[in-house]
Each structure stands twice: as structure tokens, then as C-alpha cells.
Engineer: 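Below: one structure in C-alpha cells.
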Number of protein chains: 2
Amino acid sequence: MKRNTWQREAVREALTSNDGFVSAQSLHTGLREHGSPIGLATVYRALADLASEGEADSLQSPEGEALYRACSTSGHHHHLICRRCGTTVEIAADDVEQWAQRVASEHGFTDARHVVDVFGLCATCTALEAASASAPPI
Amino acid sequence: MKRNTWQREAVREALTSNDGFVSAQSLHTGLREHGSPIGLATVYRALADLASEGEADSLQSPEGEALYRACSTSGHHHHLICRRCGTTVEIAADDVEQWAQRVASEHGFTDARHVVDVFGLCATCTALEAASASAPPI
DNA sequence: CTGCTTTTGAGTATCATTATCAATAAGCGC
DNA sequence: GCGCTTATTGATAATGATACTCAAAAGCAG
């Protein structure tokens, strides 16, 4: 039987109120700072549940950390993520879906699934970057 | 100055002689089984070097492990990977490149980079899967 | 060969994630 | 509302991949 606990709700809300992708760790830290005595293990479990129910999306950051985000659109879609501020735009990509299927079957592959994510700098961060470029890095 | 050590060569060769993606860990294990007393740290260093020089490609497995593979094609390309046996096909995807750029700029993003990988079951493994389906799993 | 510098490697540290398991509390029937 | 059953929680330990440390070994120039 599936039970409703405030912890699960807290995780769901924390995820929903966040624009970009967040790691389980930072989500946990954030919740504690808001006063929740929620445990780390519980956050992981809740995130895994949400992800498997399709209410959240997960991806691996380049550093190997797992990132989660609440999905507004149910169903399959991809993401455009700012690598500086984490802002995320959901993108539907029928073209890409079809391309993936076609490429897979051309090579005899079945049951194709794909990872398609675009990382970049959002408009805001591009501007910031340009501004800070005058000060030489490191 | 960059020095030539047999260890680095060993890693390069082990990578080249491998069809699919391999993890640093299994590469290290394999090398030791072949008699090399190479150290784990060295394997990691060599792989990171090869990857940054463009001689190897790296991606994150769904389990968060980093996988490496020698790239035959220099330049940008993507992969079609069998999730059972690890066989990999390199795929060029100009369509996808353009799509990624277009989507990014439509949303004001710059400096777009993307992760596009297709996971599936290759023809061989599909057949195996079908065969073993008659015997109930686990 | 000599000397300087890079690289190695054994071990350790770190960090994210998962497993453990006793204590807690949700939801059910009454 | 009450108690019972059982899923859930959470502190902690375990795991596993990767990064760091530093003395010893080895590469390369002269």
C-alpha cells in the first residue's frame, strides 16, 4: 500500500518550487534550512519514486551527480539547460524522436531509448559572461 | 613536457582493442589480468588525458559511472550503444547538430553543447532476449 | 651518465548514493 | 476514537567511483 507522508509532499514541493535541476543533496540541504527535519535517505527515496512515476525527470550532471526536476509536461521531452544558472526549458522534439528511432533500426537496434540534452548559456548568463570577460579569468 | 610511458600506451591500446564503452574500473581490471601492474590512479589519469586530447570519448552510464571509448572518427559525433553488450556504433547526425543549435538560439541560449546518445538492444542481443524470454526471468 | 622534472602507484580522502534496521506513524477495520 | 498491521522514516554504516598525496621511480636533455 502507498502511504501519504508529509515528507514526500515536502520533496515534491521543493522540487516544484525550483526552476532548474537540483541535486538530491542540495534539495536535502534546502529542506533542512527551511526547518524540515527530513532525512537524506528519505529525500533520495522520494526522488526515486517521483522519477519512476513520471512526476520528475532525472539526468546525470557532467560531474556524475544525479539531478532532478519536476516535470510540468507529462510524457517524453527533453531539456535545454543553462550550465551557469541551471535554468531549464522543456523542449519537445518530435524530429529527434523519429531520428533516434530511425538510426536505431537502421543498425538493427531495437527498444531504443535516448538521452538528448542541450547545455548552453541562457541569454542572461551570456550577458553576464560577456561583462566579466573584461576581467581575465584566473 | 609530456613524457611517453608504457602505461599510457597500455591504456590507449586497451581502449582501442575494445569495441564498446568501458569503465575505468573494468579497464584497470582487464589490464591487470593481462599482466600489467598498472595502477588504478594511472588509468584514471590516462583516460582523462586521452579524453581531453580528443582521442577518447566519455559518457556517463545511466548508473553514473564514466565510460570511455577510443574514437575512430575525430571530430564531433554521437553514439548508438547496446545496453546489454556495450557494442557501439558511431553516428554522425548533422540534423541533430542543427536542431540543437536552432533550439538553443530560439530560446536565447548561446554556446550550445549537447548530449545525444541512443541506447538500445543490438540485433544480436534482441535475438538473445527473445530466446531467453521463454525461460522466465529470475 | 647526471640532474631535473614528470609520472607513477599505494594508499587515503571525498563525495554521492544505497543498504540496514529499529522506531515511528499511516491507514484500515471496528 | 482505538488498536493493529505494515509501509515509511532516518541515523548510520557500507559501498563504490573518482580525486588527492607524496615518496619513489623513470624519462629526457645535455
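These numbers were taken from a predicted model, which means no experiment stands behind them. Letters A, B, ... are given to chains in the order of the sequence lines, protein chains preceding strands, and every chain is numbered from 1.
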Engineer: Give one of base, sugar-phosphate or nothing for B:Glu65, where a contact means two heavy atoms less than 4.0 Å apart.
Structural biologist: sugar-phosphate
Engineer: Do you see a donor-acceptor pair shorter than 3.5 Å between the side chains of B:Ser26 and B:Ser23?
Structural biologist: yes
Engineer: What is the distance, to the nearest angstrom, from the CG atom on A:Leu59 to the C1' atom on C:dT17?
Structural biologist: 16 Å
Engineer: Between residues 7-17 of chain A and DNA chain C, which residues have a heavy-atom gap below 4.0 Å?
Structural biologist: none
Engineer: Any side-chain N or O of A:Thr42 less than 4.0 Å from the OP1 or OP2 oxygen of D:dG10?
Structural biologist: yes
Engineer: List the atom of A:Ala14, the atom of A:Leu27, and the distance in Å for their closest heavy-atom pair.
Structural biologist: CB-CD1, 3.8 Å
Engineer: When you check the gap from the basic side-chain N to the acidic O, do B:Arg69 and B:Glu90 get nearer than 4.0 Å?
Structural biologist: yes
Engineer: Do the ring centers of A:His79 and A:Phe119 come within less than 6.0 Å of each other?
Structural biologist: no
Engineer: Could you list the protein-to-nucleotides 26-29 of chain C atom pairs, N/O on both sides, closer than 3.5 Å?
Structural biologist:
residue : atom : partner : partner atom : Å
C:dA26  : N3   : A:Arg3  : NH1          : 3.1
C:dA26  : N3   : A:Arg3  : NH2          : 3.4
C:dG27  : OP1  : A:Asn4  : N            : 2.9

Engineer: Without decimals, in angstroms, what is the distance between B:Asp49 CG and D:dT18 P?
Structural biologist: 15 Å
Engineer: Any side-chain to backbone donor/acceptor pair from A:His107 onto B:Ala123? Under 3.5 Å, distance only.
Structural biologist: no
Engineer: So which atom in B:Gln101 and which in B:Ala112 form the shortest heavy-atom distance, rounded to 0.1 Å?
Structural biologist: NE2-O, 3.7 Å
Engineer: Given A:Glu97 and A:Arg102, is the salt bridge (charged side-chain N to carboxylate O under 4.0 Å, His left out) satisfied, shown in steps?
Structural biologist: CA-CA 9 Å; A:Glu97 311 297 321; A:Arg102 181 164 47 77; over 6 Å; no
Engineer: Tell me which one of A:Leu50, A:Thr16, A:Thr5 satisfies side-chain contact (heavy atoms from CB on, under 4.5 Å) with A:Val11.
Structural biologist: A:Leu50
Engineer: Rounded to the nearest Å, what distance is computed from the CG atom of residue A:Leu67 to the P atom of nucleotide C:dC15?
Structural biologist: 17 Å
Engineer: Using the rule that two of Ile, Leu, Val, Met, Phe, Trp, Tyr join whenever any of their side-chain heavy atoms come within less than 4.5 Å, decide whether B:Leu59 and A:Ile81 are in one cluster.
Structural biologist: yes
Engineer: Roughly, in whole Å, what's the span from CG in A:Leu47 to P in D:dT9?
Structural biologist: 12 Å
Engineer: Quick one, B:Arg12 with B:Glu53, criterion salt bridge (charged side-chain N to carboxylate O under 4.0 Å, His left out). Give me CA distance, side-chain angles, the key distance, then yes/no.
Structural biologist: CA-CA 12 Å; B:Arg12 191 202 306 273; B:Glu53 287 162 18; 5.4 Å; no
Engineer: Do B:Leu67 and B:Leu15 belong to the same hydrophobic cluster, where Ile, Leu, Val, Met, Phe, Trp and Tyr are linked whenever their side-chain heavy atoms lie under 4.5 Å apart, directly or via other members?
Structural biologist: no
Engineer: Near DNA chain D, under 4.0 Å by heavy atom, which residues of residues 27-40 of chain A?
Structural biologist: A:Pro37, A:Ile38, A:Gly39
Engineer: Ignoring backbone atoms, test whether B:Tyr44 places a side-chain nitrogen or oxygen under 4.0 Å from the OP1 or OP2 oxygen of D:dT18.
Structural biologist: yes
